[in-house]
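Keep in mind the model is a prediction, meaning the values are calculated, not measured.
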Amino acid sequence: MISIDDMAAFCKQKGLVYPSSEIYGGLAGFFDYGPYGVELKRNIMNEWWKFMVSSRQDIVGMDGSIISPKAVWEASGHLSSGFADIMLPCSKCKNSVRADTFLEEKMGKALGTRDLKKIDELAKKYKCPVCGSPFANSSLLNLMFPITIGSSDTAFLRGETTQMIYLDFKLVQNNSRLKLPFGIAQMGKAFRNEISPRNFLFRMREFEQMEMQFFIRPKENKKWFEYWKKERMKWFESLGVDKKNLRFRKHTKDELAHYAKSAEDIEYKFPFGWKEVEGIHDRGDWDLSNHSKHSKQKLTYFDDEKNEQIIPNIIETSGGLDRAFLVFLYDAYDDDKKRGNKVLHLHPKLVPIKVAVFPLMKKDKLPDKAKPVFDMLKAEFACFYDESGSVGRRYARMDELGTPYCITVDHQSLEDDTVTIRDREDTSQVRVKIKDLKEKLKELL
Ligand code: GAP
């Protein structure tokens with residue numbers, strides 16, 4: 001498995017992901033998706049939406065705003081110490097580390113506490129990784145990003161996409177006429193002022209989430225929690241992720257988020273260890289009760305089975321899109337020494353380019369024969385045309401982006417209107433009539 005730094009370099013070289021604002025020196029924790037990265041990312045989003053929303057009758061989507069007033073985040077608890085990282089500042093230089101990740105790496109086990117005094121005791125054994133000086137006392141850094149609206153009002157960039165779903169829950173439920181149990185899904189940007197963003201797309205300050213809140217009757221939490229654990233694992237596996245690289249991990253009491261009654265993560269085996277890619281959370285009635293209290297609005301649901309107003313409980317599935325992107329890349333990445341190039345064995349539903357069309361050479365009127373083939377296919381598939389360099393190099397470039405099929409127009413094509421289809425997985429080629437090509441590709445993809 002390649003290191004995370006090598007993966008970042010590969011992504012930059014292949015037009016998948018770039019460090020943001022790089023010509024000005026960059027900004028830690030921010031990245032831009034390039035031409036092929038944005039296609040892969042959109043395909044992941046589409047597959048999530050299909051799985052979670054369009055293929056179901058009990059879940060609808062919404063798209064809430066990114067900025068919201070302070071009151072929202074006071075009610076949700078995100079401005080409290082519960083949504084803060086513990087920072088260990090160096091006593092000499094300006095460097096700070098995140099206490100839990102730093103100490104866990106040093107001790108080789110979970111920290112198991114958020115008590116600042118205990119953390120200061122533990123930190124005495126270690127030194128600042130930058131200058132070797134002892135640490136000063138630890139402190140809390142809230143993760144929310146404040147911004148100013150107009151000249152004075154403080155608002156916040158959302159720390160999770162979820163909250164907008166709670167705020168609009170009555171409207172959505174009325175409009176879509178859903179009855180319990182039902183879900184509301186949303187994906188989009190979230191922002192956290194992380195102390196030490198690192199590991200490329202794994203810990204960013206601006207990232208994307210794919211979240212779904214499932215509204216249920218109180219006391220049905222266990223049943224739906226188990227249901228959503230299975231469904232979410234199924235999604236990763238259905239898109240080709242190797243089962244042995246995925247696992248569940250239950251949160252201990254100390255690490256539960258301020259809103260969660262219980263939580264389990266789906267973890268992936270990255271080169272830097274087993275790490276969370278998605279959380280399944282039992283949020284009880286924490287959010288609706290708090291928003292109800294703070295906004296003085298009734299956020300209840302009339303349960304006509306029981307003939308009473310209830311506050312629904314919530315089971316949340318909360319995934320990181322950028323982390324999912326990393327999972328799919330890592331699981332697909334293969335440095336194929338025999339072939340002499342890298343190959344991304346991505347699921348055909350996720351690949352940035354589905355079909356590439358090449359004339360064997362840029363002469364003998366082969367491009368004139370190949371271009372109409374490209375025009376015919378591009379309306380149907382994400383398609384790419386390339387006539388530069390040797391055909392071997394062009395196949396290699398497509399392998400590196402995971403393109404499952406390459407169509408080559410050669411001299412025989414001029415005589416009998418056939419082309420070859422090359423398979424990314426084993427480089428085998430079959431010859432088909434141009435008139436049958438579209439159907440054949442549909443079948444293959
Ligand atoms: N609504 C619940 C929630 O936000 P979370 O465990 O804090 O829960 C959910 O975050 C998911 O969002 C994580 O599993 C991860 O995939 C992603 N995520 C969280 N912080 C991130 C960061 N700094 N960079 C990239 N992804 C992040």
Side-chain angles (χ1 to χ4, degrees), residues 48-65 68 71-72 75-78 158 160-188 209-235 238 248 250-251 253 256-266 278-319:
W48 185 84
W49 198 259
K50 263 193 248 162
F51 187 89
M52 297 297 284
V53 184
S54 16
S55 67
R56 302 183 60 112
Q57 289 192 330
D58 56 350
I59 300 183
V60 292
M62 64 165 278
D63 187 13
S65 74
S68 36
V72 170
S76 70
H78 283 79
R158 63 189 181 197
E160 57 172 7
T161 59
T162 313
Q163 289 304 319
M164 283 65 242
I165 293 179
Y166 303 130
L167 306 186
D168 292 343
F169 130 82
K170 293 270 293 184
L171 292 168
V172 176
Q173 191 258 323
N174 278 331
N175 294 145
S176 49
R177 308 171 70 83
L178 287 166
K179 287 193 184 286
L180 288 184
F182 68 88
I184 306 177
Q186 178 174 212
M187 53 183 138
Q209 290 187 313
M210 308 183 287
E211 299 197 299
M212 191 280 301
Q213 310 302 308
F214 203 65
F215 296 77
I216 58 170
R217 290 190 176 83
K219 302 205 174 89
E220 291 184 350
N221 305 43
K222 266 211 172 109
K223 175 175 108 185
W224 288 111
F225 188 85
E226 288 307 316
Y227 171 84
W228 280 110
K229 265 177 61 185
K230 283 199 195 113
E231 284 297 291
R232 294 308 305 143
M233 190 59 107
K234 203 158 88 189
W235 183 74
S238 72
F248 285 112
K250 199 171 161 55
H251 280 210
K253 268 215 165 111
L256 279 178
H258 61 278
Y259 50 74
K261 282 162 76 177
S262 67
E264 279 195 45
D265 289 340
I266 295 179
E278 173 151 348
I280 292 89
H281 308 135
D282 177 355
R283 294 178 77 126
D285 66 0
W286 164 273
D287 300 273
L288 291 181
S289 293
N290 277 316
H291 283 306
S292 200
K293 206 156 66 197
H294 283 247
S295 66
K296 303 195 171 47
Q297 306 284 324
K298 230 168 139 193
L299 295 180
T300 51
Y301 166 94
F302 182 71
D303 189 346
D304 46 17
E305 268 181 28
K306 295 196 173 148
N307 206 23
E308 60 180 8
Q309 293 284 347
I310 59 165
I311 302 178
N313 275 220
I314 276 112
I315 303 298
E316 170 185 61
T317 71
S318 173

Would you please indicate if the ring centroids of Tyr301 and Phe215 are separated by under 6.0 Å?
no
Looking at [atom1] of [X] and [atom2] of [Y], how far apart are the two atoms once the value is rounded to the nearest 0.5 Å?
X: Leu256; Y: Lys250; atom1: CG; atom2: NZ; value: 8.0 Å
X: Ile315; Y: Glu220; atom1: CD1; atom2: CD; value: 10.0 Å
X: Phe302; Y: Gln173; atom1: CZ; atom2: CD; value: 11.5 Å
X: Arg217; Y: Asn313; atom1: CZ; atom2: CG; value: 12.0 Å
X: Asp282; Y: Tyr259; atom1: CG; atom2: OH; value: 11.5 Å
X: Ile216; Y: Lys222; atom1: CD1; atom2: NZ; value: 12.0 Å

Over all heavy atoms of both residues, which pair between [X] and [Y] is shortest? Give the atoms and the distance, please.
X: Ile184; Y: Ile165; value: O-CD1, 3.4 Å
X: Lys170; Y: Lys298; value: CE-O, 3.7 Å
X: Trp49; Y: Ala185; value: CH2-O, 4.0 Å
X: Ser68; Y: Met164; value: OG-CE, 3.4 Å

Please examine the side chains of [Y] and [X], heavy atoms only from C-beta on, and report whether any two atoms are closer than 4.5 Å.
X: Met210; Y: Phe51; result: no
X: Leu288; Y: Pro312; result: yes
X: Pro181; Y: Phe214; result: yes
X: Leu180; Y: Glu305; result: no
X: Trp235; Y: Met52; result: no
X: Ile311; Y: Ser292; result: no
X: Pro218; Y: Asp285; result: no
X: Phe248; Y: Lys230; result: no

Would the distance check show the side chain of [X] and the main-chain N or O of [Y] forming a donor-acceptor pair, the cut-off being under 3.5 Å?
X: Asn221; Y: Lys219; value: yes
X: Trp48; Y: Val53; value: no
X: Thr317; Y: Ile280; value: no
X: His78; Y: Val72; value: no

Checking Asp287 against Gln163: is there a side-chain donor and acceptor pair closer than 3.5 Å?
yes
Modelled atom types, side-chain donor and acceptor of Thr162 and Glu316, under 3.5 Å:
yes
Which is it for Gln186 and Gln209 under the side chain to side chain contact (heavy atoms under 4.5 Å, CB included) test, yes or no, and what are the steps along the way?
CA-CA 8 Å; Gln186 178 174 212; Gln209 290 187 313; over 6 Å; no
Ring geometry between His291 and Tyr166 (parallel below 30°, tilted from 30 to 60°, perpendicular above 60°):
tilted
Working note: Phe169 + Gln213, criterion side chain to side chain contact (heavy atoms under 4.5 Å, CB included); need CA distance, chi angles, decisive distance, verdict.
CA-CA 10 Å; Phe169 130 82; Gln213 310 302 308; over 6 Å; no
More than 12 heavy atoms of other groups within 6.0 Å of Gln57 CD
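Not more than 12 within 6.0 Å, no.
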Mind running side chain to side chain contact (heavy atoms under 4.5 Å, CB included) on His281 and Ser318 for me, showing each step along the way?
CA-CA 8 Å; His281 308 135; Ser318 173; 4.0 Å; yes
Could you walk me through whether Glu264 and Phe225 pass the side chain to side chain contact (heavy atoms under 4.5 Å, CB included) test, one step at a time?
CA-CA 9 Å; Glu264 279 195 45; Phe225 188 85; 4.0 Å; yes
Between Glu211 and Arg158, is there a salt bridge with N-O shorter than 4.0 Å?
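No, this pair does not count.
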